[in-house]
Amino acid sequence: MIADGFELYKLKNDGQLQELQFRPYRYLREHGIAARIESYDLVLRGELKDHENVKMLKERLSKELPSAEHARSCGSEMDAAHDQASFCINVGDVIAITRKGLTTAYYVDPTRLILLPDFFHQPASGALITIDTDNFPLDGRKGSWMTIDTLRIDGKNLFLMQSQDYGKDAPFVIVDEAGKEFAADKNGFTEDVIEQIRSSLKELEARQTASTIDAPDKKPKLEVWQQYFENGEYLRAAEITEEQNYNMIDGTMNNRAPRRSVLERLQEKQTEVKGISAPVPFPEINLENDNELIRK
């Protein structure tokens with residue numbers, strides 16, 4: 001679980017964002033601009049006091065930090081050379097507090113603090129669910145679903161989905177960015193549901209940690225041919241210890257004699273054929289003796 005504390009964010013020192021400096025929240029809404037973490041820098045982090053809410057925190061920081069009239073002289077990025085007194089709170093800043101693992105962000109308006117449910121929503125690569133998702137088919141659920149709320153629990157963004165076909169007649173479903181379901185409840189983000197989600201997150205983290213630790217031991221045993229492709233040196237070393245024909249260190253575990261080429265076998269066959277077809281010499285005949293035999 002993430003420790004309780006607060007964070008102060010200011011707009012980045014970017015020319016494209018200068019127009020938004022010190023603007024009330026109404027200005028962002030009228031221009032269709034969303035206050036998201038990717039446009040802000042974290043400039044201050046600290047601890048929450050016992051039973052301190054965001055309003056009490058703002059009042060405390062307003063006393064501890066320079067007053068608003070010095071806001072334009074304050075830096076927009078955290079600098080190790082600056083101490084806490086070099087920062088201030090002004091309109092347009094965002095204060096985020098984490099209490100019991102739940103993180104909420106608030107926009108500093110001239111007269112109030114406005115909840116920003118999607119401030120921390122920075123879609124991961126390949127994310128399926130966002131704060132603007134609608135007409136989404138959830139696994140194991142009928143119809144289409146839309147995002148109506150989001151909450152950051154133990155550093156993980158979760159989304160409250162409502163059925164677009166059945167409305168409030170169907171329970172709300174809470175999923176992560178990948179669409180993985182963590183809970184379903186008629187009342188949404190209740191304390192009991194949050195505890196259920198936190199328990200599921202702990203179990204998921206434990207399984208991932210165990211999988212990482214046991215990964216080297218769970219590597220499947222490779223067949224000989226797989227070992228050859230993965231590490232040729234391994235098989236060559238094994239062959240040297242077992243092969244009787246050292247000209248057969250070729251990646252095949254066997255003791256067979258080397259095969260002769262087709263040309264060698266053809267030449268041998270031709271020689272054999274020539275030997276069979278060669279004329280057999282006749283024995284010499286003594287004609288004189290033969291004549292005597294004829295006369296007889």
Side-chain angles (χ1 to χ4, degrees), residues 1-2 7 9 11 17 20 23-40 42 54 92-109 112-205 208:
M1 182 184 298
I2 297 177
E7 294 174 334
Y9 293 87
L11 278 170
L17 300 174
L20 303 180
R23 294 285 189 179
Y25 187 72
R26 182 184 68 256
Y27 179 89
L28 274 65
R29 186 172 55 189
E30 290 173 352
H31 290 78
I33 300 172
R36 299 281 175 83
I37 190 172
E38 57 264 28
S39 299
Y40 289 76
L42 172 62
V54 65
D93 293 347
V94 174
I95 301 174
I97 63 170
T98 299
R99 177 78 75 183
K100 295 182 178 180
L102 304 180
T103 304
T104 50
Y106 299 86
Y107 190 89
V108 179
D109 214 42
R112 56 180 178 158
L113 293 167
I114 300 175
L115 178 66
L116 298 175
D118 57 340
F119 177 74
F120 288 103
H121 182 61
Q122 188 174 9
S125 176
L128 298 177
I129 307 297
T130 71
I131 191 65
D132 303 315
T133 295
D134 60 3
N135 296 314
F136 188 85
L138 290 177
D139 290 342
R141 298 284 179 177
K142 294 181 180 180
S144 300
W145 297 76
M146 63 182 294
T147 304
I148 61 171
D149 196 6
T150 182
L151 187 63
R152 190 174 177 85
I153 301 176
D154 293 342
K156 187 175 184 66
N157 292 325
L158 296 170
F159 302 89
L160 188 68
M161 308 289 288
Q162 184 181 47
S163 172
Q164 293 178 252
D165 300 285
Y166 304 101
K168 294 183 178 180
D169 292 334
F172 296 109
V173 178
I174 300 171
V175 300
D176 63 7
E177 291 180 327
K180 174 180 171 56
E181 183 174 323
F182 280 84
D185 190 88
K186 278 279 189 179
N187 300 311
F189 287 118
T190 64
E191 291 186 4
D192 291 341
V193 169
I194 290 172
E195 287 304 315
Q196 177 184 339
I197 293 172
R198 181 171 287 123
S199 177
S200 298
L201 290 174
K202 287 181 179 178
E203 291 178 4
L204 180 61
E205 182 180 0
Q208 291 174 342

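Scope of the values below: all heavy atoms of this structure, side chains included, with no hydrogens, waters or symmetry mates.
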Chi angles and distances behind the side chain to side chain contact (heavy atoms under 4.5 Å, CB included) call for Ile97, Thr104: CA-CA 6 Å; Ile97 63 170; Thr104 50; 3.6 Å; yes
Other residues, nucleotides, ligands: >12 heavy atoms within 6.0 Å of Lys186 NZ: yes
N/O donor-acceptor pair under 3.5 Å between Asn157 side chain and Glu177 backbone: no
Trp145/Val173 under side chain to side chain contact (heavy atoms under 4.5 Å, CB included): CA gap, chis, key distance, verdict: CA-CA 9 Å; Trp145 297 76; Val173 178; 3.7 Å; yes
Side chain Gln164, main chain Asn135, donor-acceptor under 3.5 Å: yes
Asp93 side chain to Val108 backbone, donor-acceptor under 3.5 Å: no
Min side-chain heavy-atom separation Leu28-Tyr107 under 4.5 Å: yes
Thr147 side-chain N/O to Thr130 backbone N/O, donor-acceptor pair under 3.5 Å: yes
Polar side-chain atom of Asp165 near backbone of Ser144 as donor-acceptor pair, under 3.5 Å: yes
Residue pair Thr98 / Arg152, side-chain heavy-atom distance below 4.5 Å: no
Side chain to side chain donor-acceptor pair (under 3.5 Å) partners for Gln162, two or more places apart: none
Flag if over 12 foreign heavy atoms under 6.0 Å of CD, Glu191: no
Rounded distance (nearest 0.5 Å) linking atom CZ of Phe119 with atom CD of Glu38: 8.5 Å
Thr150 versus Phe189, closest heavy-atom pair with distance: C-CE1, 4.2 Å
Test side chain to side chain contact (heavy atoms under 4.5 Å, CB included) applied to Val175 and Lys180, step by step: CA-CA 5 Å; Val175 300; Lys180 174 180 171 56; 5.9 Å; no
Side-chain heavy-atom pair Asp185, Thr190 within 4.5 angstrom cut-off: yes
Student check: side-chain heavy atoms of Lys156 and Ile197 closer than 4.5 Å: no
Side chain Ser199, main chain Gln196, donor-acceptor under 3.5 Å: no
From CA spacing to verdict: side chain to side chain contact (heavy atoms under 4.5 Å, CB included), Leu151, Ile194: CA-CA 10 Å; Leu151 187 63; Ile194 290 172; 4.0 Å; yes
Arg198 and Asp154, any side-chain heavy atoms less than 4.5 Å apart: yes
Check: Tyr27 and Leu20 side chains under 4.5 Å, non-hydrogen atoms: yes
